[in-house]
Amino acid sequence: MTFARVRSILGILTLVGLTAGLYLGLIWAPPDAYQGQVQRIMYVHVPTAWVAYLAFLVVFIFSILYLWRGSETFDQVAYASAEVGVVFTGLTILAGSIWGKPTWGVWWTWDARLTTTAILFLIYVGYLMLRSFVEDRSRGARYAAVLGIVGFLDIPIVHKSVEWWRTLHQAPSVMRPEGATVAPPMLFTLLVSVAAFTLLYLYLLSQRLHLERLDAEILERSREG
Amino acid sequence: MGHWNYIAAAYLVAAVTLGGYWLSVRRRIRRREDAIRMAVGDKR
Amino acid sequence: MNLFQRAWTVLWKDLRIEGRNREGLNTLIFFSAILLFLFHFALGPDRTQSGAAAGGLLWLGFILMGLFAMARTFQVEREEECLEGLRLLPGDPGAIYLGKVLWATALLGFAELVTFLLFGVLFSVDLWTKLLSLMVVALLGTVGISAVGVLFAAMAAHLRAREAMLPLLFFPLLIPVLLAAIQLTQVILQGGSIFGEGHWVRLLAVFDTIFLVVGFLTFTFVLEE
């Protein structure tokens with residue numbers, strides 16, 4: 001019962017946060033001096049990117065905990081967070097691409113951060129596939145935990161390598177979306193959006209975790225019956 | 001001036017993706033809850 | 001027996017199996033010869049073009065050969081339930097991991113040496129002075145491929161659609177290795193020295209170290225029944 005209450009409180013807080021974020025981002029915040037109105041996409045793009053990385057950090061931590069302690073709850077959190085993380089990573093790429101078209105003139109550029117995020121997406125889609133492709137549940141959990149650890153440790157190396165690779169193959173110069181100076185009202189809006197999306201992450205995680213627990217309960221019952 | 005169509009597209013894509021994901025989790029939860037309720041009902 | 005003696009035992013066993021039938025090596029070398037022919041056809045007779053793409057194509061070949069070599073390291077064990085016997089090896093299963101990584105590196109490294117020689121002959125590139133540094137890069141990259149590859153190859157036994165899943169899981173993780181190795185190989189082929197590209201060498205070394213340690217620590221969870 002208490003878990004259900006936590007979930008509904010989180011849901012309400014998320015709704016309030018997102019509404020505030022929408023108002024601040026679309027109406028209250030001033031347009032950017034260089035990019036104009038289109039910079040408002042930042043209030044979606046940056047928070048989703050933040051949540052994506054946060055989600056995979058959670059996968060990493062709970063994968064270690066699971067292998068160390070063997071408690072099924074840790075594995076459930078890791079799985080739930082991975083799925084939510086993949087959704088947010090996909091959204092980051094989509095929103096970034098929509099932002100890229102008017103600012104850079106192209107849908108896709110091999111920018112270090114963009115490319116790293118895309119590789120991240122591939123790694124964690126692999127994580128989800130791995131889980132669904134192993135019959136035995138506890139074995140799937142162990143395999144996934146190993147990938148959750150390896151994948152997260154790989155992120156900084158991927159980023160560094162892509163960065164060096166790019167300086168080598170001079171692509172047409174692009175305007176860095178975050179390069180422009182950020183005015184205080186914009187920073188405030190961004191912070192509110194990040195907070196709102198973090199709440200949304202926690203809410204979705206709690207829902208997804210609830211689903212995972214129900215699955216475990218059904219499995220338990222079918223074993224008994 | 002403004003590229004508002006791109007802004008609308010980005011916010012819409014975000015709303016549809018996240019909303020869609022939320023609905024899919026809710027739907028899966030409801031299906032499990034029904035299954036459990038039915039199993040309990042059988043026993044009685 | 002200490003850790004290294006046990007790792008050596010596993011390596012020695014695989015070396016002897018290979019010595020008897022040479023299945024792995026023969027297939028790999030034949031495979032690399034075919035790849036070199038295909039490269040030539042793909043690039044056309046223009047020599048300058050093949051020179052610019054050689055590093056990338058060679059490593060694309062090596063990673064495909066790596067996929068084959070990884071699958072092979074545990075395929076041998078699946079036949080006749082050999083994995084059961086391997087589990088009986090006393091002490092930490094990390095020794096099995098080290099032995100398999102060494103074995104995969106040796107097998108791939110030898111095949112890569114042959115590929116370089118064939119490449120030199122078929123594309124009339126004078127490699128003799130460059131062969132040593134090429135092999136240093138090849139081995140650094142191959143240790144990385146094996147460190148990650150062995151971990152996932154060991155999972156493959158319990159994976160549905162494993163032929164498709166293996167590359168899906170470890171190609172994205174190996175992108176930094178690929179970028180670094182391609183860059184270094186290209187520099188060497190164009191007459192440069194790897195000492196001018198110290199950061200790429202360090203990146204390979206860091207990648208190898210991190211994933212050898214992670215693989216060593218987590219292998220026991222992969223092998224567990």
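A, B, ... follow the sequence lines: proteins, then strands. Residue 1 opens every chain.
- Both the backbone and the side chain of Ala9(B) come within less than 4.5 Å of a heavy atom of chain A.
- The environment of CH2 in Trp108(A) is crowded: more than 12 heavy-atom neighbours from other residues, nucleotides or ligands sit within 6.0 Å.
- Interface summary for chain B: among Val84(A), Leu200(A), Leu18(A), the most heavy-atom pairs under 4.5 angstrom belong to Val84(A).
- In plain terms, the two heavy atoms of Ala35(B) and Ile218(A) that are nearest each other are CB-CD1, 4.1 Å.
- In this structure, the portions of Leu214(A) lying under 4.5 Å from any heavy atom of chain B include both its backbone and its side chain.
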Give the intermediate values and the outcome of side chain to side chain contact (heavy atoms under 4.5 Å, CB included) for residues Arg32(B) and His210(A). CA-CA 10 Å; Arg32(B) 305 297 191 281; His210(A) 180 51; over 6 Å; no

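- Proximity to chain B (any heavy atom under 4.5 Å) is restricted, for Leu94(A), to the side chain, taken from C-beta onward.
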Could you please spell out the steps behind the side chain to side chain contact (heavy atoms under 4.5 Å, CB included) verdict for Leu18(B) and Phe88(A)? CA-CA 8 Å; Leu18(B) 295 172; Phe88(A) 273 91; 3.6 Å; yes

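- Note: Asp215(A) leads Thr48(A), Asp215(A), Leu22(A) in heavy-atom pairs under 4.5 Å with chain B.
- Atoms CD1 and CD, on Ile7(B) and Gln37(A) in that order, are 5.5 Å from each other to the nearest 0.5 Å.
- Counting all heavy atoms, side chain and backbone alike, Val44(A) lies closest to Ala14(B) at CG1-CB, 3.7 Å.
- Using a 4.5 Å cut-off between heavy atoms, Arg26(B) touches chain A through its side chain atoms alone.
- Contacts of Glu217(A) with chain B are made by side-chain atoms alone, with heavy-atom separations under 4.5 Å and no backbone atom involved.
- Interface residue Tyr6(B): backbone and side-chain heavy atoms are both found under 4.5 Å from chain A.
- Inter-residue side-chain proximity for Trp4(B) and Leu26(A) is flagged as met; some heavy-atom pair is nearer than 4.5 Å.
- Of the two parts of Phe197(A), only the side chain, counted from C-beta on, holds a non-hydrogen atom closer than 4.5 Å to a non-hydrogen atom of chain B.
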Between Tyr21(B) and Gln207(A), does a side chain to side chain contact (heavy atoms under 4.5 Å, CB included) hold up when you go through it step by step? CA-CA 11 Å; Tyr21(B) 179 66; Gln207(A) 289 288 339; over 6 Å; no

